[in-house]
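Inspection log for the structure reproduced underneath, given as structure tokens.
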Number of protein chains: 4
Amino acid sequence: MPTTPLSLLVWNENVHESRGDETVTRIYPDGIHGAIAAGLREHFPQADVSTATLAEEEHGLSEEVLAGTDVLLWWGHVAHADVSDEVVERVKRHVLGGMGLLVLHSGHFSKIFKSLLGTTCSLLWRNEGERELVWNVNPGHPIAEGIPHPIVIPEQEMYGELFDIPAPDDLVFISSFTGGEVFRSGVTFTRGRGRIFYFSPGDQEYPVYHQAEIRKVLANGVKWAAPATRDRAVPGVGNPAREWFAS
Amino acid sequence: MPTTPLSLLVWNENVHESRGDETVTRIYPDGIHGAIAAGLREHFPQADVSTATLAEEEHGLSEEVLAGTDVLLWWGHVAHADVSDEVVERVKRHVLGGMGLLVLHSGHFSKIFKSLLGTTCSLLWRNEGERELVWNVNPGHPIAEGIPHPIVIPEQEMYGELFDIPAPDDLVFISSFTGGEVFRSGVTFTRGRGRIFYFSPGDQEYPVYHQAEIRKVLANGVKWAAPATRDRAVPGVGNPAREWFAS
Amino acid sequence: MPTTPLSLLVWNENVHESRGDETVTRIYPDGIHGAIAAGLREHFPQADVSTATLAEEEHGLSEEVLAGTDVLLWWGHVAHADVSDEVVERVKRHVLGGMGLLVLHSGHFSKIFKSLLGTTCSLLWRNEGERELVWNVNPGHPIAEGIPHPIVIPEQEMYGELFDIPAPDDLVFISSFTGGEVFRSGVTFTRGRGRIFYFSPGDQEYPVYHQAEIRKVLANGVKWAAPATRDRAVPGVGNPAREWFAS
Amino acid sequence: MPTTPLSLLVWNENVHESRGDETVTRIYPDGIHGAIAAGLREHFPQADVSTATLAEEEHGLSEEVLAGTDVLLWWGHVAHADVSDEVVERVKRHVLGGMGLLVLHSGHFSKIFKSLLGTTCSLLWRNEGERELVWNVNPGHPIAEGIPHPIVIPEQEMYGELFDIPAPDDLVFISSFTGGEVFRSGVTFTRGRGRIFYFSPGDQEYPVYHQAEIRKVLANGVKWAAPATRDRAVPGVGNPAREWFAS
């Protein structure tokens, strides 16, 4: 995490909020992105934390903005299809080149996540305010540092297996729900030079992003995903001569 | 699984049974090993399925017996310390050389499992007859073939995370329990040439090994773990000359 | 591999051959697909082995053909861009639903491989007829069964790291070349219910697919990737009620 | 890496040096441990870097010393058998509780490494001063940060596959040698709460530990393996009541 100051960008489709869904605007008066950004600022007071939303030009994800971002956090739900393919390709290029990416909750169905993973990313769900217990199965992992075992989330949407993802590089958290379902709720992937962390707790109808332990997980994830440098270098083809590496 | 017929050996410490623990002997009149062996015979009618127990000479695990075994299944609980180190080393050598190994339930604390994995293999437990749901998180895995999602086990001992094992090669099943705990209940490892499958359902106080789905998982595990040949070849050191591989 | 008889489909763009590239047509008078299919027929005399090429209608990959295929093998090189996106989506759906897929050599840049993996799949290359040594680093893996260590390929195109792929589920083979480069030449992935094996040896200018050890690797790969059933079941979303799994 | 200052301990059997092996003492007048420690001090000027050797009481690895160590580096070759089992158990307990461990070169055959991995850790070797090329196959990994691709080591002992280790958590480096052999030369494992990095370059007869790129890899490895805290917490068994986690 050598970049100084750390540059973090919280992207939210911001549709529930802008259309005035009552529960959401009551819980998240500054938007889901606002709550997530506030949590990051607590943990990284020196960092440059900004937000971007779907309605902005280029969804707020211009080449220049991405070039200056160390870690992008992504929350989306009802408007995945409205994200432009061109922007998705741009984000993907930055991830493959080294930008960190945190995909949150219903972002499992975002274009960027599906494109990076290659699977359907489908799952089971049920929105009945069940208790979610988030169990840490990888206690030495940097993302689990200082996290209680389990995290208790009083009310959450249930996400259940089968979660159709490739086998993750690291499995960090497994959740259970009141109804008995389980979910791989904290998983990491590497694609190109970029580190990706998916973390499922965080439905728009529950105050999950106000919970201290959740904010700590996101902060840990950001630290883990942040690249050593902003020099983006997407892996490319080469046709070197013999002994090209010899001095 | 080219060996014909397949040779399977079910090892059980057989202590609960031989000392007459009432619940155990009622549920498993032929011993836990007897029930497991019966399940395997249903699935592999052509196979040579035998059993061995702690009280036998060399615990029934002589060099000759192991040399003729394709897959060994291991159930132990109260007598791990009574298994001779010499026999454990012998079993380990056979696993590294290619013999398949299924470690069951409280076998997580067996000498052979801890020696192959290198960790404490500790976990949480609570014996209150909670319902266990066994979720399949790897639907294309051979061990998950034909298994319902989830398997419902009406009453079981709870095993909970943290399960202190190395990251498994394949995570196949995750269980949840009535109390909310989760457990990586079906995991695979490779050590040397040997394939290892750990499967946690199967406490001595519940009729788990009489359940058809559980028997099917064990049969799938055996098929997956069976080596192509009984030629045991523990990986060894070599000091080859240059171009030793050229014809 | 319970389907009887096993149904295998070898796809080749067949461009080098149909345009009459001299070296290729001399080495592969029946096409690269013809040589691969011949090798499979040696190992699976009971199987239904067929071929398909780019020039055919729907590239020979209609819904009906795919529905009847257990494992698809894919060879492409100069015409990746000519493969229709619709057909790629269809193949992907079948893989996620359970069809096995073997991607060969320059197929690393095929649309289907990149779409399933999410990375650039780029690499280093140099075509100077260097010796390739294929080392087995996973001796208990079914794909390595009966394969010499190393396989010696007298002349091959060099493929070198960085090979921009996700961390594979299993790393089976690592190659080295005369010039000193290395390459993860045999790697497996699971996507949805489908098993994928990438194997790099096999340039069009060298008789690699006539080599017995290479044919054995492909046969092992086919056995490993073949699904238990042709019932394709792409993982999907569900919104189940509580206790939906209870009987 | 929150401990301040970082506390690093370089362990070396110091047998080649103390018995006066000419080549070794010429290349490493301060011992192999001296050269490794010097490299670490370059990268961590604030750290507390110390050394310990076999001949010291308890091999210099008392409970007190280990309790104050963040990362232990281990070099051994001819005297593995002389390391006391009691000390090995102590080191293992600290690793499982969170201490980082770097195992170097012929340390692959140390008791501590074999005990943590569970396999024979055997390999091929040939000491003819071949050129080793160390290829980075995981460019986004913290241990690969700033490392050239490949590292060229003019002369080294050849280590070749099969390297009998469990599938590593992360494969970072693959080496090739003049003779054509390959080796997984940089691999990580997690056991309990402890992070382990094995790095093979570093034979006693070649000045490998004086090479800047090698020192950088070791420094990266130390940063990656260092725990967040010195509170050692070996995972243990628990028998909690229902709802023990509820507030």
Side-chain angles (χ1 to χ4, degrees), chain A residues 1-2 95-101 131-154 167-172 176 188-196 220 223-229 231-236 238 240 243-247, chain D residues 1-2 95-101 131-154 167-172 176 188-196 220 223-229 231-236 238 240 243-247:
Chain A
M1 214 177 47
V95 172
L96 295 177
M99 184 178 71
L101 178 68
R131 182 175 71 177
E132 176 173 359
L133 302 172
V134 184
W135 301 91
N136 166 9
V137 299
N138 202 332
H141 199 283
I143 295 178
E145 182 188 324
I147 303 300
H149 177 73
I151 303 171
V152 180
I153 304 176
D169 290 357
D170 301 327
L171 174 64
V172 185
S176 70
T188 76
F189 304 91
T190 300
R191 292 297 180 269
R193 292 177 196 273
R195 293 177 211 141
I196 303 163
N220 285 350
K223 264 196 278 191
W224 172 85
T229 163
D231 297 335
R232 298 285 145 79
V234 180
E243 296 291 319
W244 58 274
F245 41 77
S247 51
Chain D
M1 212 176 48
V95 172
L96 296 177
M99 184 179 70
L101 178 68
R131 183 175 71 179
E132 177 172 359
L133 302 172
V134 184
W135 300 91
N136 165 9
V137 300
N138 203 331
H141 199 283
I143 295 178
E145 183 189 323
I147 303 300
H149 178 73
I151 303 172
V152 180
I153 303 176
D169 290 358
D170 301 329
L171 174 64
V172 186
S176 70
T188 75
F189 304 91
T190 300
R191 292 295 180 271
R193 293 177 196 273
R195 294 176 210 141
I196 303 164
N220 286 349
K223 264 196 280 192
W224 172 86
T229 163
D231 297 335
R232 298 286 143 80
V234 180
E243 295 291 318
W244 57 275
F245 42 76
S247 48

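Proteins get letters first, then strands, A, B, ... in listed order; numbering begins at 1 in each. This is a predicted model, so every value here is computed, not measured.
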Quiz prompt | Region of D/Pro235 that comes under 4.5 Å of a non-hydrogen atom in chain A | solution = neither
Minimum heavy-atom distance between [X] and [Y], given as atom pair plus value:
{"X": "D/Arg193", "Y": "A/Pro139", "value": "NH1-CB, 3.2 Å"}
{"X": "A/Trp244", "Y": "D/His149", "value": "CH2-O, 3.5 Å"}
{"X": "A/His141", "Y": "D/Arg195", "value": "C-NH2, 4.1 Å"}

Quiz item: Hey, which of A/Thr190, A/Asp170, A/Leu133 has the most heavy atom pairs under 4.5 Å with chain D?
Solution: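 Looking at each of A/Thr190, A/Asp170, A/Leu133 in turn, A/Leu133 comes out on top.
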Quiz item: Can you tell which of A/Ala233, A/Pro142, A/Ala246 has the highest number of heavy-atom pairs within less than 4.5 Å of chain D?
Solution: A/Pro142
Self-check item: Proximal component of A/Arg191, with respect to chain D [non-hydrogen, under 4.5 Å]
Solution: neither
